[in-house]
Student: 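Below you will find the structure I want to go over with you.
Computed from a predicted structure; not experimentally measured.
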Amino acid sequence: MIVTTTFLCFCVASAINYFRTRRQRAFIKNLGGPFAWPLLGAMHKLLFLKPQNFFQRSHAYLVKYGPVTRLWVFHRLFMPLADLELAKQVLQSEQHLETGYELMHHWLAGGVLMCEKEQWAQRHSLIRGIFEKGNMLPLTELCRQQAVLLQLKLADRAEQREVFNVWEIVAPAVRDLMVQTTCGLRPSEEYAQAFNGLTEIYRKRFLSLQSVNRFSFWISSPLMRRKQLKLIKRLNAEHKEHIERFRKQQKQEEQLKARNLSLDHIEPLPPQWHQSLLEVLLAPNHQPSITDDDICAELNTCNYLGYLLCSSALCFALVTIARHPAVQQRCLEELRKAQRPDQSWDVQRLTYLEAVLMETLRLYPPQVIVGRQLSEDMPYTHSVVGDGTLPFGAEIYVNLFEMQRDEERYLNANHFRAERFLESPPELLSFSMGPRCCPARQFSMVMLKTLLAPIISSFELLPHGDAPRLDLRLALGSSNGFQLALTPRFQ
């Protein structure tokens with residue numbers, strides 16, 4: 001009786017699911033993909049997907065089913081893409097801007113990564129504003145100061161002459177730099193610990209069955225969920241303290257200016273040379289207005305993306321340069337030519353170092369997957385699968401890692417060759433494309449060059465230790481860390 005009842009329930013649920021998704025199925029008949037079982041779909045394709053085997057399994061999937069496919073899991077339609085022709089149409093669309101990153105909802109909801117498309121243009125413009133020409137010089141100086149601190153920490157490791165995981169040194173430096181850029185001051189020890197703990201929770205949740213959706217996470221991991229919410233609350237509490245302090249100062253300045261009085265007795269804010277994102281977001285007359293929760297979400301989003309993606313890029317650049325002695329020597333020669341009398345560098349003249357970074361980002365894009373969730377049907381044209389329509393509700397995941405290793409687009413695609421970005425630069429997708437492309441692209445390159453320059457100039461990077469074993473936990477990483485050794489250069 002129990003077996004019969006279970007079978008009947010399964011049949012009814014399968015029928016309901018079929019009729020619920022039949023409109024979507026009608027639109028994607030021209031697309032290949034794995035066999036979909038009744039109700040369950042192709043869940044078996046995701047069941048054993050782990051951060052450590054993501055790249056092997058995704059590559060095997062694309063080889064078997066092609067670069068434009070569909071994959072059903074229950075009622076959800078996933079569309080893994082590794083095809084530039086269709087990916088461009090998706091990412092460059094002005095109508096389809098929803099990213100669908102449900103995993104990050106509690107932390108980043110309301111920020112530029114997850115806000116509604118009606119709000120997105122305003123938020124993107126505000127963030128892009130802090131990287132305008134007038135603010136780039138002080139931001140570059142901020143990066144230079146952080147580079148000096150990073151160099152000192154690496155000098156201690158160089159004296160030990162041992163293999164170490166450079167992520168442990170680089171990531172905290174990038175985190176502090178991002179918080180200074182967004183909030184205008186260095187993070188407190190409590191903030192740094194909460195930020196690290198929260199990032200680690202989300203990295204553990206990525207590609208885990210317990211995080212399929214918010215309900216399954218709430219049921220399966222109540223203790224982790226409680227800790228996650230506590231850490232988010234801790235970060236936002238410090239953000240709101242900064243917001244309140246800035247607003248109090250602004251109000252006092254306005255009152256005293258109205259009375260033509262001195263501002264000397266106002267408690268000053270911490271000194272800074274640049275305009276922070278917080279100042280931009282707190283400026284009056286934003287239409288529509290931005291709430292304190294939205295400001296916290298923007299700060300969280302920029303800190304998280306900047307920390308995780310730039311740390312990954314910098315670590316991959318270091319281990320890659322260490323394993324290519326000729327590249328390292330050419331970077332060193334360029335740095336010596338571009339060095340100023342005050343021992344800083346003219347980053348605009350570091351064209352080869354920039355090409356090295358671009359090639360690193362091509363082979364190792366920190367953000368491996370770019371997502372879009374369609375809120376309406378999207379017509380498309382394609383030279384292989386034909387013209388058609390991607391249906392409402394489809395979850396599209398563009399695989400940048402595979403696209404940027406396409407042998408048809410890149411000569412010797414799996415080999416490191418920085419010169420390709422000096423000769424006839426190919427299209428780099430690591431910063432995404434279209435209206436949702438990274439607003440901090442220029443600053444990211446300046447920051448990475450500024451942090452790399454004193455490291456390469458002061459230390460010889462040695463290819464000791466194991467090569468990175470790629471894994472995917474939110475951003476591209478290495479399951480065995482980023483191993484190398486340093487030895488001081490004698491000028």
Side-chain angles (χ1 to χ4, degrees), residues 147 150-151 154-155 157-158 161-167 169-170 310-340 343-366 401 404-407 409-430 444-470 476-478 480-491:
L150 177 59
Q151 180 184 350
L154 289 173
R157 294 301 185 107
R161 298 179 183 274
E162 295 178 352
V163 176
F164 68 101
N165 180 9
V166 74
W167 174 274
I169 308 296
V170 164
C310 291
S311 296
S312 172
L314 187 55
C315 287
F316 273 110
L318 287 168
V319 297
T320 301
I321 293 171
R323 283 162 172 76
H324 293 81
V327 171
Q328 184 171 179
Q329 182 60 33
R330 185 169 173 181
C331 287
L332 182 62
E333 292 171 0
E334 182 181 67
L335 286 168
R336 286 171 176 167
K337 293 178 182 178
Q339 193 164 25
R340 294 167 172 156
Q343 304 304 307
S344 64
W345 287 269
D346 182 356
V347 294
Q348 301 303 323
R349 293 176 59 192
L350 301 178
T351 53
Y352 183 72
L353 181 58
E354 182 166 338
V356 169
L357 285 167
M358 301 280 269
E359 179 71 347
T360 303
L361 291 170
R362 182 189 71 82
L363 285 170
Y364 307 104
F401 184 89
Q404 296 191 145
R405 290 172 177 249
D406 184 358
E407 292 286 352
R409 298 185 60 240
Y410 302 96
L411 181 64
N412 297 322
N414 288 297
H415 292 82
F416 184 90
R417 185 174 174 274
E419 289 75 13
R420 75 175 82 237
F421 283 96
L422 296 175
E423 298 162 354
S424 54
E427 192 168 18
L428 183 69
L429 308 176
S430 298
S444 298
M445 294 304 297
V446 169
M447 179 181 71
L448 292 172
K449 287 193 287 186
T450 304
L451 294 178
L452 268 176
I455 298 175
I456 298 173
S457 180
S458 302
F459 309 106
E460 181 181 358
L461 309 181
L462 303 175
H464 296 174
D466 297 330
R469 298 170 189 162
L470 300 185
L476 182 62
S478 171
N480 62 331
F482 297 88
Q483 301 179 31
L484 52 74
L486 303 175
T487 184
R489 295 188 191 274
F490 298 99
Q491 304 295 333

Student: Are any of the side-chain heavy atoms of Val163 and Leu462 separated by less than 4.5 Å?
Tutor: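 The answer is no, as the side chains (C-beta and beyond) never meet within the 4.5 Å cut-off.
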
Student: Not counting sequence neighbours, which residues clear salt bridge (Lys or Arg N to Asp or Glu O under 4.0 Å) with Asp346? List them please.
Tutor: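 Result, salt bridge (Lys or Arg N to Asp or Glu O under 4.0 Å) vs Asp346: Arg340.
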
Student: Mind checking side-chain contact (heavy atoms from CB on, under 4.5 Å) for Pro325 and listing every partner two or more places apart, or none if nothing turns up?
Tutor: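 Expected list: none.
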
Student: Tell me every residue that passes ring pair (Phe, Tyr, Trp, His ring centres under 6.0 Å) with Phe482, counting only those two or more places apart in sequence or in another chain.
Tutor: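 Phe316.
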
Student: Which residues satisfy the side-chain hydrogen bond (donor to acceptor under 3.5 Å, both in side chains) test with Arg157, sequence neighbours excluded?
Tutor: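 None.
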
Student: With sequence neighbours excluded, tell me which residues meet side-chain hydrogen bond (donor to acceptor under 3.5 Å, both in side chains) with Ser478.
Tutor: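 side-chain hydrogen bond (donor to acceptor under 3.5 Å, both in side chains) list for Ser478, sorted by chain: Asn480.
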
Student: Within this structure, what is the OH-CD distance for the pair Tyr364 and Gln404, rounded to the nearest 0.5 Å?
Tutor: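 One finds 12.5 Å between OH of Tyr364 and CD of Gln404.
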
Student: Looking at OG of Ser311 and CD1 of Ile169, how far apart are the two atoms once the value is rounded to the nearest 0.5 Å?
Tutor: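 The distance works out to 12.0 Å.
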
Student: Excluding sequence neighbours, so at least two apart, what forms side-chain contact (heavy atoms from CB on, under 4.5 Å) with Glu334?
Tutor: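 Partners of Glu334 under the side-chain contact (heavy atoms from CB on, under 4.5 Å) test: Leu350, Thr351, Tyr352, Leu353.
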
Student: Quick one: side-chain contact (heavy atoms from CB on, under 4.5 Å) partners of Glu423, sequence neighbours excluded?
Tutor: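 Partners of Glu423 by the side-chain contact (heavy atoms from CB on, under 4.5 Å) criterion, ordered by chain and then number, come out as Arg417, Glu419.
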
Student: Hey, what do you get for CD1 (Ile455) to CG (Leu314), rounding to the nearest 0.5 Å?
Tutor: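 Reported to 0.5 Å precision, the distance equals 5.5 Å.
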
Student: To the nearest 0.5 angstrom, please state how far the OG1 atom of Thr450 sits from the CG atom of Leu150.
Tutor: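 Those atoms lie 12.0 Å apart.
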
Student: Determine the minimum heavy-atom distance between Leu357 and Ala317, stating which atoms define it.
Tutor: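 Minimum heavy-atom contact is CD2-CB, 3.9 Å.
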
Student: Tell me the closest heavy-atom pair linking Leu484 and Leu486, and the distance in Å.
Tutor: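 Minimum heavy-atom separation between Leu484 and Leu486: CD1-CD2, 3.9 Å.
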
Student: Show every salt bridge (Lys or Arg N to Asp or Glu O under 4.0 Å) that has at least one partner inside residues 455-465, sequence neighbours left out.
Tutor: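 Salt bridge (Lys or Arg N to Asp or Glu O under 4.0 Å) check on residues 455-465 returns no pairs.
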
Student: Identify the heavy atoms of Leu361 and Pro366 that sit nearest to each other, and give their distance.
Tutor: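 That closest heavy-atom pairing would be CD2-CD, 3.6 Å.
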
Student: Could you check if a side-chain atom of Trp345 sits within less than 4.5 angstrom of a side-chain atom of Pro454, using non-hydrogen atoms only?
Tutor: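 The answer is yes; the side chains approach within 4.5 Å.
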
Student: Is the shortest heavy-atom distance from the side chain of Phe421 to the side chain of Val356 under 4.5 Å?
Tutor: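 In short, these two side chains do not touch, never coming nearer than 4.5 Å.
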
Student: When you compare the side chain of Cys310 with that of Met447, does any pair of heavy atoms fall below 4.5 Å?
Tutor: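 Met447 vs Cys310: side chains touch.
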
Student: Identify the heavy atoms of Leu335 and Ser457 that sit nearest to each other, and give their distance.
Tutor: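 Scanning both residues, the minimum pair turns out to be CD1-N, 4.1 Å.
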
Student: Please identify each residue that fulfils side-chain contact (heavy atoms from CB on, under 4.5 Å) with Asn414, with sequence neighbours left out.
Tutor: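 Asn414: side-chain contact (heavy atoms from CB on, under 4.5 Å) contacts with Arg405, Glu407.
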
Student: Can you name the closest pair of heavy atoms from Val319 and Pro468 and give their distance?
Tutor: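 That closest heavy-atom pairing would be CG2-CG, 3.9 Å.
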
Student: Please identify each residue that fulfils side-chain hydrogen bond (donor to acceptor under 3.5 Å, both in side chains) with Glu359, with sequence neighbours left out.
Tutor: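 Counting only residues at least two positions away or on another chain, Glu359 forms a side-chain hydrogen bond (donor to acceptor under 3.5 Å, both in side chains) with Arg362, Arg420.
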
Student: Under 3.5 Å, side chain of Glu354 to main-chain N/O of Lys449, donor-acceptor pair present?
Tutor: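 Checking the backbone N and O of Lys449 against the side chain of Glu354, no donor-acceptor pair under 3.5 Å is found.
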
Student: Applying side-chain hydrogen bond (donor to acceptor under 3.5 Å, both in side chains), name anything that partners Gln483, two or more places apart in sequence or on another chain.
Tutor: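 Applying side-chain hydrogen bond (donor to acceptor under 3.5 Å, both in side chains) to Gln483 gives none.
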
Student: Can you list every side chain to side chain donor-acceptor pair (under 3.5 Å) pair that touches residues 315-329, not counting sequence neighbours?
Tutor: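 Listed by first then second residue: Gln328-Arg489, Gln329-Glu333.
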
Student: Return the minimal non-hydrogen interatomic distance between Phe459 and Pro488, and the atom names on each side.
Tutor: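 Shortest heavy-atom contact: CD2-CA, 4.1 Å.
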
